[in-house]
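The model shown is predicted, which means the values in this text are computed figures rather than measured ones.
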Amino acid sequence: MQDFKSYATGEIMTEPFWTLKLADCINFAILLVTIAAIVYGPIKAVEITRRKDLERDAESRKRQILATLMRTRKMTVHPDHVSALNQVQLEFFNHPTVIDAYRGYIANLSQTVPPPGNDLHNFLTRRNDRFFDLLHAIAVASGVALDRHELDRLAYVPIGWQTDQDELRAFRAAVLAVLQGQKPLFIAPATLQQTQIQQEAPNPYPPPPQ
């Protein structure tokens, strides 16, 4: 009856301006979500990509340290070995097993080496074991499956390399001792037989033709 009377009297029934229907609310929510996706979506995608790149770089550096220590595991005084060893604390800071093994190995390196004998043999055995414990922990943290006992057994370094390093170290020590005045430089005179051999040596260049 109210609607009929309104039409009969010529009155127009209007709704308030700020009245929102359910459909309007849904459309408005969709609009807000769309704007947020347009603005925030690319930013979030860049952040995710950047985070993945950083994680990939970190894994690459860990693999590089592992590869260097594997390559120089029998040459512990090699510069590459020492450089890689000094990066372990930085690159594996969130791996407690690696850090504990690293601290144990560095503590052993800081100890005084005993004189030759059984004590020296036992000392070097402990140092070797701690290094390979560290190497195995680094391999596990890097996602590489390596057998702990084969790390030492399958390592190979030619004997000639070690001999060359020992001779070079001894030569440098002897030269430094002479230059620093700790040892004299001995000069032995040539023997009579050596002099005769030098005099009787044939001339490699024949005389010109007459």
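The OG1 atom of T68 sits 13.0 Å away from the CZ atom of R63 when rounded to the nearest 0.5 Å. Between the CG atom of L109 and the CZ atom of R130 there is a distance of 10.0 Å, given to the nearest 0.5 Å. To the nearest 0.5 Å, atoms CZ (R127) and CG (L120) are separated by 9.5 Å. Note that CD of Q64 and OG of S60 are 7.0 Å apart. Values are rounded to the nearest 0.5 Å. H121 contributes atom NE2, which lies 10.5 Å from atom CZ of R126 (distance to the nearest 0.5 angstrom). Rounding to the nearest 0.5 Å gives a distance of 10.5 Å between CD of E150 and NE2 of H136.
Using a cut-off of 4.0 Å between Lys/Arg side-chain N and Asp/Glu carboxylate O, R61 and E91 are scored as salt-bridged. Between K52 and E55 there is no salt bridge, since no side-chain nitrogen of the basic residue lies less than 4.0 Å from a carboxylate oxygen of the acidic one.
Taking a 6.0 Å sphere around CD1 of I159, one finds it holds 12 or fewer heavy atoms contributed by other residues, nucleotides or ligands. Heavy atoms of other residues, nucleotides or ligands lying less than 6.0 angstrom from CZ of R148 number more than 12. Residue-environment remark: CG (D57) exceeds the threshold of 12 foreign heavy atoms within 6.0 Å.
Side-chain atoms of H78 come within 3.5 Å of backbone N or O of D80 as a donor-acceptor pair. N86 places a side-chain N or O within 3.5 Å of a backbone atom of V82 that can act as its donor or acceptor partner.
At least one side-chain heavy atom of V88 sits under 4.5 Å from a side-chain heavy atom of I138. Between F131 and N108 there is no side-chain heavy-atom pair separated by less than 4.5 Å. Here the side chains of L134 and L85 are in contact, with some heavy-atom distance below 4.5 Å.
Placement of M70 and V144 within a single hydrophobic cluster is found when ILVMFWY residues are connected by side-chain heavy-atom separations under 4.5 Å, directly or transitively. Under the 4.5 Å side-chain contact rule for hydrophobic residues, I65 and M75 do not share a cluster. At a threshold of 4.5 Å between side-chain heavy atoms, the hydrophobic network of Ile, Leu, Val, Met, Phe, Trp and Tyr places V113 and V77 in two separate groups.
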>> Does L135 form a side-chain contact (heavy atoms from CB on, under 4.5 Å) with L66? I'd like the steps, not just the answer.
In response: CA-CA 7 Å; L135 188 59; L66 175 61; 3.8 Å; yes

> Would K74 and D152 satisfy salt bridge (Lys or Arg N to Asp or Glu O under 4.0 Å), going step by step from the backbone distance to the final call?
Replying inline: CA-CA 9 Å; K74 286 295 186 178; D152 187 13; 2.8 Å; yes

> For F132 and R73, what are the C-alpha separation, side-chain angles and deciding distance, and is it a side-chain contact (heavy atoms from CB on, under 4.5 Å)?
Replying inline: CA-CA 9 Å; F132 285 105; R73 52 185 158 166; 4.2 Å; yes

> Can you check salt bridge (Lys or Arg N to Asp or Glu O under 4.0 Å) on E59 and R56, steps first, answer last?
Replying inline: CA-CA 5 Å; E59 293 299 324; R56 189 182 302 110; over 6 Å; no

>> Would D133 and Y105 count as a side-chain contact (heavy atoms from CB on, under 4.5 Å) here? Give the steps.
In response: CA-CA 9 Å; D133 288 340; Y105 181 56; over 6 Å; no

> Taking it one step at a time, do D166 and R169 satisfy salt bridge (Lys or Arg N to Asp or Glu O under 4.0 Å)?
Replying inline: CA-CA 5 Å; D166 294 341; R169 191 177 298 111; 3.2 Å; yes

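Looking at every heavy atom in both residues, A84 comes nearest to L69 through CB-CD2, 4.0 Å.
The closest side-chain donor-acceptor pair between H81 and T72 falls under 3.5 angstrom.
Under the ring pair (Phe, Tyr, Trp, His ring centres under 6.0 Å) criterion, Y102 pairs with no residue, sequence neighbours left out.
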